[in-house]
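All values reported here derive from a predicted model rather than from experimental measurement.
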Amino acid sequence: ALIATITDKVSKIIDEKLEDLRDGMSSPYVNGIKGLAEYLGIGETLASKIYKNRKIVSSRLGREIWFRKSDIDKFITKYKE
């Protein structure tokens with residue numbers, strides 16, 4: 001009975017984490033410099049420079065910085081050449 005209870009709890013936690021990951025993947029936004037760096041596949045230093053030079057439109061909510069994936073994709077297309 002104890003093993004079944006533990007198994008159920010672990011299963012629920014895994015399901016919740018998977019749901020969180022799916023929600024993050026389907027989001028049209030990227031959060032923060034770290035998120036921008038991961039999305040572009042570059043280092044955080046370069047992502048910070050791109051942000052500071054306003055190469056990608058961003059929004060701030062309190063201390064958080066948000067980027068639209070569509071705006072990031074426009075940046076990629078513009079500077080691809």
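Judged as a side-chain hydrogen bond (donor to acceptor under 3.5 Å, both in side chains), and not counting sequence neighbours, Asn31 has no contacts.
Cluster annotation: Val57 is not connected to Ile65 through the hydrophobic network of ILVMFWY side chains, with a link wherever side-chain heavy atoms come within less than 4.5 Å. Put simply, Tyr79 and Val30 are part of the same group of oily side chains (I, L, V, M, F, W, Y) that touch within less than 4.5 Å, one to the next.
Of the candidates Phe67, Phe75, Trp66, Leu36 forms a side chain to side chain contact (heavy atoms under 4.5 Å, CB included) with just one, namely Phe67.
The line from NZ of Lys69 to NZ of Lys74 is 15.5 Å long, rounded to the nearest 0.5 Å. In this structure, OG on Ser70 lies 8.0 Å from OH on Tyr29, to the nearest 0.5 angstrom.
For residues 55-68, the salt bridge (charged side-chain N to carboxylate O under 4.0 Å, His left out) pairs, not counting sequence neighbours, are Arg68-Asp71. Pairs passing the side-chain hydrogen bond (donor to acceptor under 3.5 Å, both in side chains) check and including a residue from residues 5-14, sequence neighbours excluded, do not occur.
Looking at Ile50 and Ile33, their side chains never come closer than 4.5 Å, going by heavy atoms from C-beta outward. Within the 4.5 Å cutoff, the side chain of Asp73 has heavy atoms near those of the Tyr39 side chain. Residues Tyr51 and Ile56 fail the side-chain proximity criterion, which asks for heavy atoms closer than 4.5 Å.
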